[in-house]
**Student:** 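Could you have a look at this structure, given as structure tokens, before my questions?
By convention in this document, chain letters (A, B, ...) are assigned in the order of the sequence lines, proteins followed by strands, and residues within each chain are numbered from 1.
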Number of protein chains: 2
Amino acid sequence: MTKIGIRYTKPRKLVFEALAHYSKPVSVAEINYYLKNKIDLSSIYRTLELMKKSNIAEETEFGDGKKRYELISEKGHHHHLICENCGDIEDIKMKEDELLNKVKTKSKFAIKKHKLEFFGLCPNCQ
Amino acid sequence: MTKIGIRYTKPRKLVFEALAHYSKPVSVAEINYYLKNKIDLSSIYRTLELMKKSNIAEETEFGDGKKRYELISEKGHHHHLICENCGDIEDIKMKEDELLNKVKTKSKFAIKKHKLEFFGLCPNCQ
DNA sequence: GACATATTGCAAATCATTTGTAATAATAAA
DNA sequence: TTTATTATTACAAATGATTTGCAATATGTC
Ligand SMILES: [Mn+2]
Ligand SMILES: [Mn+2]
Ligand SMILES: [Zn+2]
Ligand SMILES: [Zn+2]
């Protein structure tokens, strides 16, 4: 009987470290820049995929064609405000029960998750 | 003094027709399939960009790496439920004043727009 | 109809992401 | 601690979506 296990490797340490450092959703390019080519891009991609499946990191999209990832931290489920001018990101946490209940009332879908992002201008850019 | 004007051309007619036909967010590949190579892919892209800027079409992303577009119709502002199994899309319309007010209370961002999509399983796929 | 120029098709480029594979490193077994 | 097993990596190449440069063309104007 063979053992299966997920190994604690250099790329995994480093990607985790990068995500922890930023504590906001970051693109693969940003992670790579932070890690200064210490690991290959494909390893970053594969590691993020793993972290997503393992519920360690969450994937978001802001509409610029790049996926972004952030650690699922103590913060818990939350959304973001993105500045369309400087790209600054602010977390937004809110009660969503009413929202979700409304949707469940209107539809027969079994809802598993949702994505909600706000776009506009941060205080500095207004 | 030179005249400027947006011309009513074959690609624009056809892309509009394709969007109207589907009346749900569709990818460029789907539009192209519908139009059976009557126009070039690059023309579809350029036309959609134009329609987006002109507030004729809206862009959405469901997380599969393809942008999707739908006409801004009488329906008005709304969101979607996407079936993670069969890809079926349902529109969802709801009052969002409270939601937006909450966010405006919590943040100093000047909010211009937001994206909200729900993912789960449609009645058929449950 | 002729002109001015906005727009197209085509080909090539770009950008993010994925994939195949031989070499390597993490862990288990001896 | 050495050896064996196999999960994981780096690298290179492939893929897929989107963008771009440009000469040819079509549209609206005079
Ligand atoms: Mn966040
Ligand atoms: Mn819709
Ligand atoms: Zn800003
Ligand atoms: Zn379904």
**Student:** Examine Leu99(B) and Leu100(A) and state if one hydrophobic cluster contains both, with Ile, Leu, Val, Met, Phe, Trp and Tyr joined whenever side-chain heavy atoms are less than 4.5 Å apart.
**Tutor:**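 Yes, one cluster joins them.
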**Student:** Between dA4(C) atom P and Ile6(B) atom CD1, what is the distance in whole Å?
**Tutor:**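 Rounded to whole Å, this separation is 22 Å.
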**Student:** Nearest whole angstrom, please: distance from the P of dA7(D) to the NZ of Lys53(A).
**Tutor:**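 To the nearest whole Å, that distance equals 15 Å.
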**Student:** Would you say that Lys67(B) contacts Leu48(B) through its side chain, given a criterion of any heavy-atom pair below 4.5 Å between the two side chains?
**Tutor:**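 No; the side chains remain at least 4.5 Å from each other.
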**Student:** Tell me the bend of the helix from dG1(C)-dC30(D) to dA30(C)-dT1(D) as the angle between end helix axes, each from five pairs, rounded to the nearest 10 degrees.
**Tutor:**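 The helix from dG1(C)-dC30(D) to dA30(C)-dT1(D) shows an end-to-end axis angle of 30°.
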**Student:** For Thr105(B), which residues count as a side-chain contact (heavy atoms from CB on, under 4.5 Å) partner, sequence neighbours excluded?
**Tutor:**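 Per chain and number, Thr105(B) pairs via side-chain contact (heavy atoms from CB on, under 4.5 Å) with no residue.
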**Student:** Got a donor-acceptor contact below 3.5 angstrom from the Lys106(B) side chain to the Ile92(A) backbone?
**Tutor:**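 Side chain of Lys106(B) to backbone of Ile92(A): no pair is present.
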**Student:** Side-chain N or O of Ser43(B) less than 4.0 angstrom from OP1 or OP2 on dT8(C)?
**Tutor:**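 No, no such contact exists.
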**Student:** Can you find a heavy atom in the side chain of Val26(B) that is under 4.5 Å from one in the side chain of Tyr34(B)?
**Tutor:**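 The answer is no; the side chains never approach within 4.5 Å.
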**Student:** Which atom pairs, donor and acceptor, lie under 3.5 Å between side-chain atoms of residues 111-126 of chain B and protein residues at least two apart or in another chain?
**Tutor:**
from	atom 1	to	atom 2	distance (Å)
Lys112(B)	NZ	Glu84(A)	OE1	3.3
His114(B)	NE2	His77(B)	NE2	3.3
His114(B)	NE2	His79(B)	NE2	3.2
His114(B)	NE2	Glu96(B)	OE1	3.1
Glu117(B)	OE1	His80(B)	N	3.1
Glu117(B)	OE1	His80(B)	ND1	3.1
Gln126(B)	NE2	Lys108(A)	O	2.7
Gln126(B)	NE2	Leu121(B)	O	3.2

**Student:** Any heavy-atom pair between the side chains of Val15(B) and Tyr69(B) that's under 4.5 Å?
**Tutor:**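 No - every pair of side-chain heavy atoms lies 4.5 Å or more apart.
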**Student:** Roughly how many Å is it from CG in Leu48(B) to P in dT7(C), rounded to a whole number?
**Tutor:**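 Checked: the CG to P distance equals 15 Å.
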**Student:** If you draw a 6.0 Å radius around OH in Tyr22(A), do more than 12 non-hydrogen atoms from other residues or ligands fall strictly inside?
**Tutor:**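 Check passes, neighbour count above 12.
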**Student:** Going hydrophobic residue to hydrophobic residue with side-chain gaps under 4.5 angstrom, can you get from Leu41(A) over to Ile31(A)?
**Tutor:**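 Hydrophobic grouping puts Leu41(A) with Ile31(A).
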**Student:** Send over the distance from Asn32(B) CG to dG9(C) P, rounded to a whole Å.
**Tutor:**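 Going from Asn32(B) (CG) to dG9(C) (P), I get 11 Å.
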**Student:** Membership question, hydrophobic clusters at under 4.5 Å side-chain separation (ILVMFWY): are Phe16(A) and Ile72(A) in the same one?
**Tutor:**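 In one cluster with Ile72(A): Phe16(A), no.
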**Student:** Give the B/S/- string for nucleotides 16-23 of chain C, one per nucleotide from 5' to 3', where a protein heavy atom under 4.0 Å of the base yields B, of only the sugar-phosphate yields S, and otherwise -.
**Tutor:** SBBBB---
**Student:** With sequence neighbours excluded, give me every salt bridge (Lys or Arg N to Asp or Glu O under 4.0 Å) pair touching residues 17-45 of chain A.
**Tutor:**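 Non-adjacent pairs meeting salt bridge (Lys or Arg N to Asp or Glu O under 4.0 Å): Glu30(A)-Arg68(A).
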**Student:** For DNA chain D, determine which residues of residues 7-15 of chain A have any heavy atom closer than 4.0 angstrom to one of its atoms, and list them numerically.
**Tutor:**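 Contacting residues: Arg7(A), Thr9(A), Pro11(A), Arg12(A).
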